[in-house]
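Just so it is clear, the structure is predicted and the values come from calculations on it, not from any experiment. A note on names: the letters A, B, ... follow the listed sequences, proteins ahead of strands, and every chain is numbered from 1.
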There are 2 protein chains.
Amino acid sequence: MSFPPRYRAKSRVDLSGEESRAKAVAVATELFATAGFKGTSVAAVAARTGLSQSGLLHHFPSKAALLAAVLEERDREDGDFLTGTTTPPLGWAAFDSLTALVARNSTRPHLVGLFVRLAAEGTEPSHPAHAWVQQHYASMRTWLAEAVRTGQKSGEIAADAPVETLVRTTIAVIDGLQQQWLLQPEDVAMAAEFEAFTDTLRARWSTVDAG
Amino acid sequence: MSFPPRYRAKSRVDLSGEESRAKAVAVATELFATAGFKGTSVAAVAARTGLSQSGLLHHFPSKAALLAAVLEERDREDGDFLTGTTTPPLGWAAFDSLTALVARNSTRPHLVGLFVRLAAEGTEPSHPAHAWVQQHYASMRTWLAEAVRTGQKSGEIAADAPVETLVRTTIAVIDGLQQQWLLQPEDVAMAAEFEAFTDTLRARWSTVDAG
DNA sequence: GTCTATATTTCGATAGAC
DNA sequence: GTCTATCGAAATATAGAC
């Protein structure tokens, strides 16, 4: 009788190259989300991943590359929301989609923390997340502005509604609520607060031609 | 003929103890505002102040103490706004005061940058600015909520207006606009955007007993 | 009050063995 | 693919001369 031999302790058959990388990205997301990019060390990510610092840097040649991977993953996770949809939401329905997004964010503190901290750090042009932050806001504005204009053409949103202001303010409310929610998750109902805001917008800018 | 003697190069008569300290606080404010607390080194503050690192640490025993001094100074500069006033603004007038505050902030990128970055870093309980951030939001909420309730009692704000939601959303708009403004100062008219938001609030929650 | 010098960590990144 | 070892730079903070 023989045991299935472990040919050389060396050959751990886990093929875990991919796994290690994925775990590192998850860990980095969590740490960047709480301590920010500058406040997180590569060593800390490596330790929690279960790798040495060099082991981690094998997958990501630099800290900035690690950040890039984190951002890419984040975009992939909820990127379907804005860009992936073949049919962009129209008119007021776009605000319902945003409410759904906010509700979903309420269950993912890591993603919210990541965004709030990187957005704050990333206003500086020299920050490695700067381009990403700019792109995020630009695409958000474009998407929402188009939805509003579509609503105007279809007649459900008043033609004289100030589109750019609606867009900027709506985005501001989302960001500002996230900030307050991070400070007091128990006391701030992001989705409900945001929905109340959209109700105010509808009350003000809906077309009145009822029955 | 003789030159006015410089008695010992040692005796610079500047008495600049106070001056150095004040300049250090100003420099630290500027650096914290752009790179955040974690992203700013004591050495960098010292260098721009015109002191050695040790010279700076003579005035502030630690980096956290320097931050405390910065926050104290910031509170002093615009602290009159919320707490210093003997007569707190009432009803909708409170929102006019906020518009004025936002307009004033539009001329002080340093203070806005400082706040946005510290607010983001400071959601973490372990961050040296955490208590300050909490206090800031708490006093803001208290001040605005009281103003709104006063407006309800006086009859200019609808009695069924959701006070807490109005307060949280208004603060969120201010914070969110600051974030966008830091990213694109030229493209974002914070005060105008905020005023448009307050107009929407008034349109929705003002008492209608005209004439 | 400010300096030079230094102690002590920690950082991001590289070299090379296995 | 992961490790140990190490580098050079930068961080916070302290000691002590002037």
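Contact record, V188(B) with L177(B): CG1-O, 4.3 Å, taken as the closest heavy-atom pair. For the pair L183(A) and G122(B), the tightest heavy-atom approach, listed with the atom from each and the gap, is CD1-O, 4.1 Å. L201(B) approaches T170(B) most closely through the heavy-atom pair CD1-OG1, 3.7 Å.
Going from atom NE2 of H59(A) over to atom P of dG1(D) covers 7 Å, rounded to whole Å. Rounded to an integer number of Å, the gap from CG of L56(B) to C1' of dT14(D) is 14 Å. The distance from atom CD of Q53(B) to atom C1' of dT8(C) is 13 Å, rounded to the nearest whole Å. Across the protein-nucleic acid pair, L66(A) atom CG and dC11(C) atom P stand 14 Å apart, rounded to whole Å. Rounded to whole Å, the distance from NZ on K38(A) to P on dA10(D) is 15 Å. A straight line from CG of L51(B) to C1' of dT2(C) spans 7 Å, rounded to a whole angstrom. We find that CZ of F37(B) is positioned 13 Å from P of dA11(D), with the value rounded to whole Å.
Using a 4.0 Å cut-off, some side-chain N or O of S41(B) falls inside it from OP1 or OP2 of dA11(D). Checking the phosphate oxygens (OP1, OP2) of dT2(C), no side-chain nitrogen or oxygen of H58(B) falls inside 4.0 Å.
If you check distances only, the side chain of S54(A) does reach the base of dT4(D) with a donor-acceptor pair under 3.5 Å.
Residues E73(A) and E77(A) are in side-chain contact: their nearest non-hydrogen atoms beyond the backbone lie under 4.5 Å apart.
Within 4.0 Å (heavy atoms only), L57(B) reaches at least one base atom of the nucleic acid. Counting non-hydrogen atoms under 4.0 angstrom, G50(A) reaches the backbone sugars and phosphates but no base. Using a 4.0 Å heavy-atom distance criterion, T40(B) is classed as a sugar-phosphate-only contact.
Closest to the side chain of S52(B), out of dC11(C), dT12(D), dC3(C), is dC3(C).
Within residues 21-34 of chain A, no residue has a heavy atom under 4.0 Å from DNA chain D.
Classification of R149(A) and E164(A) as a salt-bridged pair holds, one side-chain N sitting under 4.0 Å from a carboxylate O. Under a 4.0 Å N-O distance rule, the pair R168(B)/D187(A) does not qualify as a salt bridge.
The side-chain hydrogen bond (donor to acceptor under 3.5 Å, both in side chains) contacts involving residues 36-48 of chain B comprise nothing, where partners must be two or more places apart or lie in separate chains.
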